[in-house]
Amino acid sequence: MKRLLLCLLVTCLWGHTAVSATTVPHIMAYDLCVAQSGNNYTFTFYANTQPVTGKLIFHTITGDSLGEYTISQALQSGYNSITIPASALPSSHSTIAWSMQLSAESNPQFGIIHEGEVCTRAYASINNNPESDYFGHIYLANRKGVGLCQIHAFDYAYQPTFATGNEYLTFNSTGRPAIDSEGYIYWPDWGDLKSGITIMDPVDFSEKQFFGGLQNDDTGAWYNAITQTDLGSSCSSVAIYGSGKDTKLYAMNEDVGEYQQLPKKGFVVYQIGNEDGTISRQWKNAPTQIVEVEDNNTNGNFAIIACSHGAWLCQHTLTNQVGTYALMFYDHQGMRQYASTDATLINGSNGAGIAINRDENLLAMVNADGNILLFAIVWEGDYPTLSLCTTYQTPFNAIGSMHFDYAGNLITTSGNNFGGSKDDLRLVIYSTPTDSNTIVVPARTSQFIQRSGTNTFHTQNPLQDISTPTKFLRNGHIYILHNGRTYNMLGL
C-alpha cells in the first residue's frame with residue numbers, strides 16, 4: 001500500500017546572504033559534548049539558528065528510551081551550555097547516552113542561507129555522520145584550470161578550516177565527491193591524466209589512490225596487469241552508501257578500460273566494506289557490480305547518489321528526451337526503475353545537481369534553467385514514484401553538486417556558468433520547505449555518561465582535546481593541527 005507523503009514548504013537564513021528577515025534554516029545541533037563536575041553535568045552544543053525549545057533525550061547505547069529533560073533556560077543561535085544536577089539523570093542505568101532535541105520556527109518556502117566566494121568548476125559534499133568528529137563539515141574542490149585544483153574544508157558553521165595552495169597538483173579535473181562513515185573523502189577525477197579516485201584523510205588531509213593497479217594516462221584506465229582485470233577509469237562522480245561491512249562505493253565510469261571490461265558511461269559498484277567491519281580503501285580487483293546505463297549523454301557528465309533502494313543518476317543535459325533522460329534510477333540488480341520521460345516536468349539538468357534526504361522521501365535536482373525541483377518519493381519495493389512538490393527559482397543558472405545535510409538544508413555548488421571556461425560555481429546553501437522545524441541529534445557514543453561508583457566521564461576523541469599546535473608537512477606546504485582543525489600558513 002502506498003504511503004502518502006505531505007510536501008512540506010519552507011524558507012531559510014543563516015549566513016550573510018540577504019533574504020527575508022522571517023526566514024530560518026532547518027535547525028541543527030553540532031559539537032554535542034558533556035562534562036561532569038561534582039554532582040553536576042554540563043551539556044554543550046552549537047545551534048545553527050535560534051531554538052524555540054530544547055530537550056535532552058536520554059537513552060541506552062542501543063537507543064532504548066530512558067527519559068528526557070526539558071531545558072528551561074533561554075537558548076540562542078551559536079554556543080549553548082546547560083548544567084543539570086546528577087539527580088536529573090536517569091537512575092535505572094549506569095551507562096547513559098543522550099541526544100539533543102531542538103525546535104525552531106517553521107519555514108514556509110525555499111531560501112538561501114549562505115553563499116560563499118565565487119570559484120570556478122566547484123563540487124562539494126558534507127559529512128552527515130553524527131558519530132564523526134567532522135560531523136557537518138563540508139569539503140569542496142575548486143578546479144581553477146586543467147591540472148590546477150584547490151581543496152577547501154569548512155566546519156559546521158561554514159567557516160574555513162583548511163585550504164590547499166593554488167598550485168595543488170593532485171587532481172586534473174575533480175568530480176563530485178563522497179564521504180564514508182569514518183569521514184574519509186573520496187575525490188573522483190574525470191581527467192585522463194590523473195584519473196581514478198583519491199581518498200583524503202579528514203585529520204591531516206593526506207591522500208592515497210583508491211585503485212591499486214597501473215594507470216594508462218592516455219585513456220584514464222586503471223587495471224591489474226597480472227590478472228588482466230580492469231579496475232576503473234576516469235569518473236565524474238562517486239557516492240557511498242552504508243557503513244562498516246555494508247559500505248559500498250559507487251562510481252560513474254567513463255571508459256571501457258584497458259581490457260574493455262567496463263561500461264562506457266555506466267556506473268560500477270565496489271563492496272569496500274569487509275566482514276570484520278573495516279573499510280578497504282585500496283582496490284585491486286574488478287568492480288563488484290557493473291551497470292550499463294541506457295540513454296546516456298555523449299558528454300558523460302553524471303552525478304550519482306546512492307540510497308537503500310539503489311542509485312539515482314542525473315546527467316548534465318539541457319534537454320530531456322529519449323537518449324538523454326536527465327534523471328534515472330537503478331535498483332540493486334542494475335535494472336532501471338525510473339526515467340524522466342516527461343519533458344514538461346523535467347526539461348533537463350544544467351550541472352546535474354541531485355540529492356536525496358535521510359528519510360529517502362524527498363529528492364532535489366536542478367533543471368535546465370538552474371531552478372531546484374523538489375519531489376516527494378513514494379516507494380513500492382525498489383520502484384519509486386515521484387510527485388513534484390515545488391519549484392524554486394534560484395538566482396543561478398546551474399548547480400554542479402547537491403547534498404542534503406542531516407537536518408534537510410541543501411548544500412550545493414551553484415553559479416551562472418557551467419561546462420566552459422567561465423565557470424563560476426560557489427558554495428550556496430538553501431533551506432528547503434518544512435512546516436515542522438524540529439531535529440533530534442545524537443551525541444557521539446563516546447560522550448556517554450558512566451554512573452558506577454564515582455561518576456566517570458569518558459571524553460570525546462583526544463584529537464579534539466589537543467591544546468598545543470602540531471605542525472606537519474604535506475606536498476611541500478606547512479600545516480598546523482590545533483584543537484581538531486587543520487590550518488595552512490594562510491590561517492585557513
Side-chain angles (χ1 to χ4, degrees), residues 14-17 30-31 46 113-128 132-180 183-191 194 197-209 238 400-403 405 411-415 423-429 463-464 466 469-492:
W14 179 27
H16 65 266
T17 304
Y30 289 109
D31 203 14
Y46 177 95
I113 57 177
H114 176 83
E115 183 176 343
E117 295 181 1
V118 174
C119 298
T120 52
R121 180 76 65 85
Y123 298 119
S125 189
I126 184 170
N127 184 328
N128 276 331
S132 172
D133 291 332
Y134 302 95
F135 178 44
H137 286 217
I138 297 169
Y139 303 90
L140 179 146
N142 176 23
R143 182 193 178 197
K144 300 179 71 65
V146 176
L148 296 175
C149 177
Q150 281 184 305
I151 301 297
H152 298 263
F154 305 88
D155 66 13
Y156 48 74
Y158 312 150
Q159 298 304 304
T161 63
F162 175 82
T164 59
N166 290 336
E167 69 278 20
Y168 190 57
L169 301 177
T170 298
F171 303 104
N172 185 60
S173 180
T174 47
R176 300 164 182 87
I179 301 171
D180 71 21
Y184 285 79
I185 308 105
Y186 294 63
W187 298 101
D189 201 305
W190 199 20
K194 298 180 180 179
I197 301 169
T198 297
I199 301 177
M200 184 174 283
D201 189 318
V203 177
D204 62 5
F205 295 91
S206 58
E207 308 150 356
K208 69 177 181 180
Q209 175 58 234
V238 293
S401 61
M402 212 184 265
H403 291 274
D405 71 7
I411 313 299
T412 77
T413 51
S414 302
D423 288 2
D424 63 352
L425 302 185
R426 78 293 305 265
L427 181 66
V428 179
I429 302 173
L463 173 64
Q464 301 295 325
I466 293 175
T470 301
K471 291 184 179 180
F472 64 92
L473 184 69
R474 189 178 69 83
N475 288 351
H477 297 273
I478 297 175
Y479 297 90
I480 297 175
L481 184 66
H482 186 216
N483 287 330
R485 291 184 177 180
T486 307
Y487 302 84
N488 65 17
M489 297 305 288
L490 296 176
L492 297 177

Student: Nearest 0.5 Å, please: how far is CD1 in Ile138 from CD in Gln159?
Tutor: 11.0 Å
Student: Just to verify, what does Asn128 make a side-chain contact (heavy atoms from CB on, under 4.5 Å) with, not counting sequence neighbours?
Tutor: Ile126, Asp405, Tyr406
Student: On a heavy-atom basis, which atom in Gly116 and which in Arg426 lie closest, and how many Å separate them?
Tutor: O-CG, 3.5 Å
Student: Quick one: side-chain contact (heavy atoms from CB on, under 4.5 Å) partners of Ala153, sequence neighbours excluded?
Tutor: Tyr139, Thr161, Phe162, Phe205
Student: Please list, chain by chain and in numerical order, all residues satisfying side-chain hydrogen bond (donor to acceptor under 3.5 Å, both in side chains) with Ser132, sequence neighbours excluded.
Tutor: Asn127
Student: Between Ala157 and Asp155, which heavy-atom pair has the shortest distance, and what is it?
Tutor: N-OD1, 2.9 Å
Student: Look only at the side chain of Glu115 and the backbone of Leu427, and say whether a donor-acceptor pair between them is shorter than 3.5 Å.
Tutor: no
Student: Classify the angle between the aromatic ring planes of Tyr156 and Tyr30 as parallel (below 30°), tilted (30 to 60°) or perpendicular (above 60°).
Tutor: parallel
Student: With rounding to the nearest 0.5 Å, note down the distance linking CE in Met200 to OH in Tyr184.
Tutor: 12.5 Å
Student: So, using side-chain hydrogen bond (donor to acceptor under 3.5 Å, both in side chains) as the criterion, who are the partners of Trp187 when residues are at least two apart?
Tutor: none
Student: Ser401: what forms a side-chain contact (heavy atoms from CB on, under 4.5 Å) with it, not counting sequence neighbours?
Tutor: Tyr123, Ala124, Arg176, Thr413
Student: So which heavy atom on Ala178 is nearest to which on Ser125, and how close?
Tutor: CA-OG, 4.0 Å
Student: Charged N to carboxylate O under 4.0 angstrom, Asp189 versus Lys194?
Tutor: no
Student: When rounded to the nearest 0.5 angstrom, what distance separates CD in Glu117 from CG in Asn142?
Tutor: 10.0 Å
Student: Main chain of Ile151, side chain of Thr164: is a donor-acceptor contact present, judged purely on distance under 3.5 Å?
Tutor: yes
Student: To the nearest 0.5 angstrom, please state how far the OG1 atom of Thr174 sits from the CG atom of Leu140.
Tutor: 8.5 Å
Student: Check side-chain hydrogen bond (donor to acceptor under 3.5 Å, both in side chains) between Thr412 and all other residues, then give those that pass, not counting sequence neighbours.
Tutor: Ser414
Student: Work out which heavy atom in Pro188 is nearest to a heavy atom in Pro177; give both atom names and the distance.
Tutor: CD-CA, 3.9 Å
Student: Quick check for you: to the nearest 0.5 Å, what is the distance between Tyr186 atom OH and Asp180 atom CG?
Tutor: 4.0 Å
